[in-house]
Number of protein chains: 2
Amino acid sequence: MTTRKALAERNDHALLQAARDVLAEDGAHASVAAIAARAGVGIGSLYRRYKTKEELFQRLSLLSLEHWNDVAEQGLASPDPWAGLASFVQGCVEFGQGSLAPVAGTIEVTQEMSVKARLGDELLERLIRRAHEAGVLRTDVAAVDISLLIEQLGRSPMIDQLRKQGRDDLLPAATEARRRLITIVLDGLRPGPVPLPGSPPGEELFTGRWSH
Amino acid sequence: MTTRKALAERNDHALLQAARDVLAEDGAHASVAAIAARAGVGIGSLYRRYKTKEELFQRLSLLSLEHWNDVAEQGLASPDPWAGLASFVQGCVEFGQGSLAPVAGTIEVTQEMSVKARLGDELLERLIRRAHEAGVLRTDVAAVDISLLIEQLGRSPMIDQLRKQGRDDLLPAATEARRRLITIVLDGLRPGPVPLPGSPPGEELFTGRWSH
DNA sequence: TTCGAAGCGGAGCGAATCGCTCCGCTAGTT
DNA sequence: AACTAGCGGAGCGATTCGCTCCGCTTCGAA
């Protein structure tokens with residue numbers, strides 16, 4: 001019925017998702033034991049797949065970057081510049097890009113990661129430029145602002161807290177409130193009737209991304 | 001020159017600020033030793049003022065709630081409904097209200113805390129109502145959305161990370177980028193030309209506040 | 001049906017860190 | 001000059017960490 005290969009694949013997927021969840025709830029303090037327990041997998045099985053804790057987190061980072069790029073390309077494929085940008089932001093936020101923030105500084109950045117990060121920056125730039133040219137995005141919003149926005153909205157300390165406390169009854173309401181907040185913020189990025197004079201989009205030193 | 005009382009007062013202030021900083025950087029994992037070290041104070045001195053770690057965090061929560069209420073009252077004192085609400089949000093965000101999120105579920109909520117939290121909710125409701133009546137706030141934005149917004153923007157994982165890594169050179173740029181993001185988001189709360197049909201402000205079960 | 005081994009879960013290792021206590025010593029006060 | 005309030009930090013037992021190792025299960029070939 002369940003071949004060994006299929007079981008291993010399912011376990012690996014469960015481990016990665018569990019790592020995301022535990023990281024979101026416990027931050028940098030997330031322990032390997034907690035991740036394995038959440039995934040319903042023994043610690044031994046985890047360590048057969050990933051030699052160290054860092055290797056697991058590196059894999060997680062790489063998948064996160066790939067997801068960023070996938071969603072960005074999907075957004076660019078959309079004919080509507082605004083819809084493309086909005087779906088990109090929403091896709092990144094809901095995936096929980098921000099959950100990796102606590103470990104971003106503790107793991108070694110592989111060459112593959114930095115390559116994908118550069119590609120992702122480029123895709124985002126193109127999304128922004130297209131929206132600007134179509135006149136559907138506030139002129140004072142630069143790529144770094146979108147990066148920051150995704151990082152800021154990508155985590156939900158309140159929802160993580162509720163889940164940790166086991167208040168599953170409040171989770172749907174909180175999740176829905178968060179979704180509304182995201183749409184409100186996204187809506188605020190569109191050019192309004194009274195745009196405030198913003199600073200120029202420059203500032204090259206800080207790109208707003210975790211990995212270099 | 002420096003009397004004992006003045007030194008003690010200065011130490012207490014340094015401890016509270018250090019606790020905020022370390023909590024922001026380390027989350028729930030923040031240790032008492034780290035807080036004392038950041039404040040430049042011995043652990044013994046910390047424990048002379050606060051019997052336990054929880055007592056320190058409770059004090060911190062209380063001060064945070066008081067700050068919330070102070071800023072809300074200042075906002076209500078402003079004749080301009082929009083400026084009042086905006087300065088309230090900005091004041092809460094910059095104070096770092098969200099830093100306490102990781103410990104909010106771990107400490108016991110005192111009666112004094114819940115009283116101040118209730119008062120704060122009421123003040124926020126009045127700020128929102130006033131803005132709605134003046135027509136300077138999107139009609140689909142409720143109090144719970146502002147609470148969520150403050151929690152979401154109140155933490156800056158990226159800035160905390162930079163500070164932790166000692167990249168003080170990038171800090172000004174990151175801080176300025178974050179300030180721009182806040183103004184952009186705030187600006188998006190004003191009624192736009194094409195308001196989307198939002199859900200009703202109701203949903204009573206979840207108020208979006210940490211303490212009950 | 002039998003049996004070798006691939007792959008599983010988890011007990012347990014040493015090391016690190018936790019919250020907290022206790023005490024020698026500095027420095028302000030009388 | 002004598003006193004002592006208040007400081008900093010070494011160190012306690014307990015806990016938790018990342019990780020190893022091994023007995024047992026269970027799949028698949030003979």
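As the structure is a computational prediction, the values presented were derived from the model and not from experiment. Naming: A, B, ... by sequence-line order, numbering from 1 per chain.
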Between C:dC20, D:dC19, C:dG9, which one does the side chain of A:Arg48 approach most closely? C:dG9
Separation of A:Lys53 atom NZ from D:dC17 atom C1', in whole Å? 8 Å
Atom CG of A:Leu46 to atom P of C:dA11: distance rounded to whole Å? 16 Å
Determine, step by step, whether A:Glu108 and A:Glu55 satisfy the side-chain contact (heavy atoms from CB on, under 4.5 Å) criterion, reporting the C-alpha distance in whole Å, the side-chain angles of both residues, the deciding distance to 0.1 Å, and the verdict. CA-CA 9 Å; A:Glu108 195 186 358; A:Glu55 194 176 303; over 6 Å; no
With the side chain of B:Tyr47 defined as its heavy atoms from C-beta on, choose the nearest nucleotide among D:dG18, C:dC20, D:dC7. C:dC20
Stepwise side-chain contact (heavy atoms from CB on, under 4.5 Å) check, A:Val93 with A:Arg178: CA-CA 11 Å; A:Val93 166; A:Arg178 178 156 168 270; 3.5 Å; yes
note: A:Ile35, atom CD1; D:dG18, atom P; distance rounded to Å ~ 8 Å
So, are B:Arg163 and B:Asp168 salt-bridged, with charged N and O less than 4.0 Å apart? no
Charged N to carboxylate O under 4.0 angstrom, A:Arg59 versus A:Asp12? yes
Mind calculating the distance between CG (B:Asn11) and P (D:dA5) to the nearest angstrom? 18 Å
From the list C:dG19, C:dG9, D:dC7, which nucleotide is the closest neighbour of the side chain of A:Val41? C:dG9
Given D:dC19, C:dC18, D:dG9, identify the nucleotide with an atom nearest to the side chain of A:Thr52. D:dC19
Without decimals, in angstroms, what is the distance between A:Glu54 CD and D:dC19 P? 9 Å
With respect to the side chain of A:Ser31, which nucleotide from D:dT20, C:dC18, D:dC17 is positioned closest? D:dC17
Counting side-chain heavy atoms from CB outward, which of D:dC17, D:dT20, C:dT21 is closest to B:Ile43? C:dT21
Can you tell me how far P of D:dG9 sits from CZ of B:Arg38, to the nearest Å? 17 Å
To the nearest angstrom, how far is B:His29 atom NE2 from C:dA16 atom C1'? 10 Å
So among B:Arg155, B:Arg38, B:Lys164, which one has a salt bridge (charged side-chain N to carboxylate O under 4.0 Å, His left out) with B:Glu25? B:Arg38
Checking all strands, does B:Ala30 fall into the base, sugar-phosphate, or nothing category for heavy-atom contacts under 4.0 angstrom? sugar-phosphate
Looking at B:Ser45, does any N or O in its side chain come under 4.0 Å of the phosphate oxygens OP1/OP2 on D:dG8? yes
C:dT21 P sits how many Å from B:Lys51 NZ, rounded? 11 Å
